Every structure is written in C-alpha cells, then in structure tokens.
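What follows is a single structure, written as structure tokens, with notes after it.
Remember, predicted model here, so these are calculated numbers, not experimental data. Keep in mind that the numbers below use all heavy atoms, side chains included, and drop hydrogens, waters and symmetry copies. Naming: A, B, ... by sequence-line order, numbering from 1 per chain.
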There are 2 protein chains.
Amino acid sequence: MVTGRAASPTAHANAEDPTVFVIDDDASVRDALSNLFRSVGLRTVTFGSAHEFLQHKPPDVPSCLILDIRLPRLSGLDFQAELAKADIHIPIIFMTGHGDIPMTVRAMKAGAVDFLTKPFRDQDMLDAVTTAIERDRNRRDGAKVVANLRAAFATLTPRERQVMTLVTAGLMNKQVAAEIGVAEITVKIHRGHIMRKMAAKSLPDLVRMAQILGIGPASGRAQT
Amino acid sequence: MVTGRAASPTAHANAEDPTVFVIDDDASVRDALSNLFRSVGLRTVTFGSAHEFLQHKPPDVPSCLILDIRLPRLSGLDFQAELAKADIHIPIIFMTGHGDIPMTVRAMKAGAVDFLTKPFRDQDMLDAVTTAIERDRNRRDGAKVVANLRAAFATLTPRERQVMTLVTAGLMNKQVAAEIGVAEITVKIHRGHIMRKMAAKSLPDLVRMAQILGIGPASGRAQT
DNA sequence: GTTGCGAATAAACCTAAGTATGGTTCTCCC
DNA sequence: GGGAGAACCATACTTAGGTTTATTCGCAAC
C-alpha cells in the first residue's frame with residue numbers, strides 16, 4: 001500500500017520524495033504509521049512481511065525501513081543481517097512490544113538508527129525517520145560519487161591504471177618509467193589519457209579520486 | 001587499585017599495555033572484574049565513582065572504560081555525555097542490573113561499545129573489551145596523525161597557509177599568484193617553504209595532508 | 001636603533017610536465 | 001586480411017615547477 005505524497009492528487013510519484021517502508025504483520029499498525037507519515041508528507045509503502053518487501057523493487061530515493069522485531073517468519077534482527085549480507089544498506093528503525101536489551105544492542109551494533117518500544121510517541125518515530133532519511137541521503141550521495149569514479153576508472157587500460165597508481169603515489173614521470181620499464185615519454189602519454197578519461201582537472205584532483213577509490217598505499221595514510 | 005601486568009614482578013608499567021578502567025561503587029564487582037582482566041594480562045585500574053576517575057590522569061595508551069549505568073551520584077549515561085562534552089573519547093562498555101531499552105539505545109547512539117546486562121558471561125565482557133581497546137587504538141592512531149599534521153600546519157605563515165589551500169585545490173602557480181595578487185615567483189617560494197615545513201615528499205602527498213586537515217572545498221569531495 | 005622575521009620580488013638557471021606529430025609492433029575480432 | 005586499439009618510442013617544442021642568490025620593506029621584539 002502506498003500513501004503520502006503519491007496519494008495526493010497534486011504530487012507526482014517521481015523518484016524525488018523520500019520514502020518510508022514499513023513491515024509489520026499487523027494491518028492496524030501499518031495503517032497508523034501510514035497515516036502518521038502521510039501527515040508530514042512522506043511517501044509510505046507498507047508490507048505485511050519481509051518477503052513482500054523483498055519482492056518490491058526499491059525506488060532510487062532516500063528511504064528507510066521500519067521493522068517490528070517480531071516478524072512473521074523471520075526475526076527483525078535476522079532480516080537486518082540478511083539485508084546487510086545482500087549489500088542492501090537501507091537504514092532501519094526497529095519497533096518492539098517486548099524486546100530486551102541484548103536484542104537492542106545487537107540491532108544498534110548492526111547499525112540500526114533507532115529502537116523504539118511500543119507504545120512510542122509519534123514524535124519519536126518521526127525524529128527517527130528524519131535521521132534515517134538523512135543518513136540514507138548521505139550514504140547515497142557518497143555511493144554515487146564512488147560509483148561514478150569506479151566507472152571512469154574502469155575505462156582505463158591496465159597500464160593506465162598502473163601509471164595512475166604510481167603517479168598519485170607521488171612518483172615523478174621518470175620514476176614511474178623506471179618502475180614499469182618504459183620510456184618517460186610513454187608515461188606522459190598515459191598520464192594525458194588518464195586525466196582525460198578520469199575527467200580530472202588537475203593532479204590534486206586526480207589524487208583525491210585515487211583516495212576515494214582506495215588506490216595506493218593500503219588504506220591511504222599520508223606521509224608517503 | 002591497579003592490577004594486571006603492572007602487578008606482575010616481571011612487567012613494567014610502561015605506557016604500552018592497554019588499560020581497562022572500571023567504575024563501580026561495588027567493591028566486589030571491581031575485584032571480580034580486576035581478576036578477570038588480570039587473568040588475560042590486561043592492566044586494570046578501578047574506581048568507586050566517576051569523580052575518582054576524573055581525578056586520575058589517564059595514561060596515553062589504548063584504553064576503555066567499564067561503567068555501571070547506575071553510578072553513585074551521576075548516571076552512567078550522563079557521565080558518558082559529560083566525557084563527550086569534555087572531548088574525552090574513551091570507548092565505554094556499560095553494565096547494568098536493571099536497565100531498559102531506551103537507556104540502551106541512548107548509550108549505543110552515543111557511541112558505547114557494548115551494553116551488558118548482569119549477570120553476563122566473562123567471555124562477553126572480554127570480547128567487548130577487546131573490541132573497545134581496538135577501537136581506541138585506531139582512534140588514537142588517527143588522532144596522532146591529525147595532531148602531527150596540525151602541528152606542522154601551525155608552523156606555516158598565513159600566506160603559506162593560503163597558498164597551500166589554493167595549490168592543493170589544483171590551481172597552477174600563476175593562478176594562485178593572480179588570486180592573491182603577487183608574482184608567480186613568490187608563489188613558488190612559498191610553495192617550497194610549504195613542502196619543507198609540512199615534510200611533504202610530493203604534491204600528491206601534500207594533497208592528502210590537506211584532505212586530512214579538511215582544507216579546501218568544504219568536506220573534501222572530489223570533482224574539484 | 002638594530003636585529004630578526006615574514007613577505008614580496010627579480011634574475012638566472014635547471015628540471016619536470018605536457019602536447020603535438022609520426023611511426024612501429026602486437027593482438028583481438030570480424 | 002584489414003581495422004581497432006593498446007602499448008611503445010622518438011623528436012621537437014612549450015609551459016610549469018622549483019632552487020639559488022640577492023634585495024627591499026615593514027614591523028615587532030630586545
């Protein structure tokens with residue numbers, strides 16, 4: 001079920017609005033949350049089970065997931081672990097009627113945004129959702145930058161990748177040339193190709209790209 | 001009270017061994033934890049109150065803090081908040097006999113490593129301590145790098161700082177010169193001074209330092 | 001009031017980087 | 001077997017980067 005802006009006659013469901021996903025087997029809980037989120041203009045999609053959620057193709061917008069710890073077949077915690085394993089990093093807000101502290105710790109350690117005990121105040125839920133959406137927005141922005149860089153990096157030839165690594169590590173052209181056993185002029189040509197393909201405006205720019213791509217000395221400490 | 005390696009006749013209390021701090025008003029708890037940690041060779045210092053802990057000058061080694069949620073005067077959570085406010089970032093492991101979920105959530109959101117309910121298994125505590133010490137070690141390593149860079153950066157004159165910012169942003173010497181209204185040769189001189197003072201081996205090296213120092217375009221995105 | 005330092009500059013000089021233009025040798029693929 | 005692209009190299013030229021030596025100015029500390 002979809003509510004929120006998409007349900008209003010004036011708004012489009014364009015992939016711009018943040019979306020809240022709710023999984024709960026209790027229809028009255030789903031409706032109550034839908035109403036709550038709709039009241040603040042948030043697009044909302046509800047599911048009766050984790051399985052249904054997985055069927056659904058997630059839209060490419062900032063979103064979060066609201067999950068009861070006690071789900072029909074799978075526990076909320078196990079579902080959280082499964083999503084992580086499947087490399088799905090949607091921020092999760094847990095709800096529970098009778099949770100305990102170890103559950104809470106496990107959920108929070110695994111990155112949950114919040115863990116609300118029923119009954120909770122509407123405002124607490126809205127605050128958690130705001131935080132979660134914001135977190136997802138940041139994560140998406142970062143992931144997009146990385147994806148674009150990876151795509152550009154993928155267009156480099158093996159030799160160009162090698163040269164980029166050495167150049168961004170701080171070696172001079174002649175050192176790079178000696179390292180890989182070619183003439184300095186060849187390195188210069190590779191370098192030109194690299195700058196064009198990576199769309200780097202300057203060497204510092206390329207260095208920052210390499211940082212983000214995790215190229216070079218292990219984790220990227222300074223003091224090269 | 002100090003136990004662990006320092007208490008053994010063969011070891012020095014040199015600032016090398018990780019240290020566990022315990023704050024609990026119950027002496028039997030303190031002793032039990034001391035024994036536990038000593039059994040695995042961890043240096044341990046115990047306190048009866050948060051106040052006592054603050055009196056104590058923390059050694060410069062990876063460490064963590066074990067805290068009962070219910071402290072004599074101050075709640076463990078409030079103490080955690082105070083430490084954060086005082087810019088003390090020691091990882092905290094909470095213990096509690098009768099905590100609740102909101103407390104747990106608050107503690108974990110504030111960065112606690114773990115939140116153990118009494119009675120807990122020794123192994124759970126040891127695992128948490130291992131994680132906490134490791135986390136502190138990483139934090140310290142990172143902080144040290146930043147501190148060194150900041151110290152070097154502080155030796156730069158205002159002009160040099162300005163030039164470093166523009167150069168690491170990717171501007172050519174002539175552009176920097178135009179930007180700040182000096183001759184290109186002057187920029188080159190400043191640049192040389194910068195490289196020496198910062199102990200940068202190459203421009204990419206300097207760029208990475210600037211990244212760590214948070215110099216330049218806001219938070220340091222690529223695509224300059 | 002002179003000594004020291006930051007800042008700016010100039011001339012001379014050298015090295016590094018970058019860009020053609022032109023050419024060779026592979027290999028892979030159609 | 002011919003085209004595409006990768007890798008390589010050379011010559012020639014231009015621009016950018018960097019050091020050394022020396023000079024000037026202002027300001028603050030001694």
Looking at B:His190, does any N or O in its side chain come under 4.0 Å of the phosphate oxygens OP1/OP2 on C:dA7? no
Report the distance from atom NE2 of B:His193 to atom C1' of D:dG18, rounded to the nearest whole Å. 12 Å
Please work out the stems of DNA chain D from pairs that are Watson-Crick or G-U wobble with both distances under 3.5 Å, keeping only runs of three or more consecutive pairs. C:1-30 with D:1-30
Atom-pair distance (CG on B:Leu166; P on D:dG17), nearest Å: 13 Å
Salt-bridge contact B:Arg137-B:Glu134 (side-chain N to carboxylate O under 4.0 Å): yes
Side-chain donor or acceptor of B:Asp24 paired with backbone N/O of B:Arg30 under 3.5 Å: no
Determine the interplanar angle of the B:Phe115 and B:Phe94 rings, folded into 0 to 90°, and report it as parallel if under 30°, tilted if 30 to 60°, perpendicular if over 60°. tilted
A:Arg150 atom CZ: more than 12 heavy-atom contacts under 6.0 Å: no
Measure CZ/B:Arg159 against C1'/C:dT9 and give the value in whole Å, please. 13 Å
Can you give one letter per nucleotide of nucleotides 10-27 of chain C, 5' to 3': B if a protein heavy atom sits under 4.0 Å from the base, S if only from the sugar-phosphate, - if neither? BB----SBBBB-------
Side chains of B:Arg159 and B:Gln162 only: does a donor on one sit below 3.5 Å from an acceptor on the other? yes
Does NE2 belonging to B:His51 count more than 12 external heavy atoms closer than 6.0 Å? no
Can you name the residues that form a salt bridge (Lys or Arg N to Asp or Glu O under 4.0 Å) with A:Glu184, not counting sequence neighbours? none
For B:Thr157 and C:dC5, is the shortest distance between a side-chain N/O and OP1 or OP2 below 4.0 Å? no
Can we say B:Lys144 and B:Asp141 salt-bridge, meaning some charged N sits less than 4.0 Å from an Asp/Glu carboxylate O? no
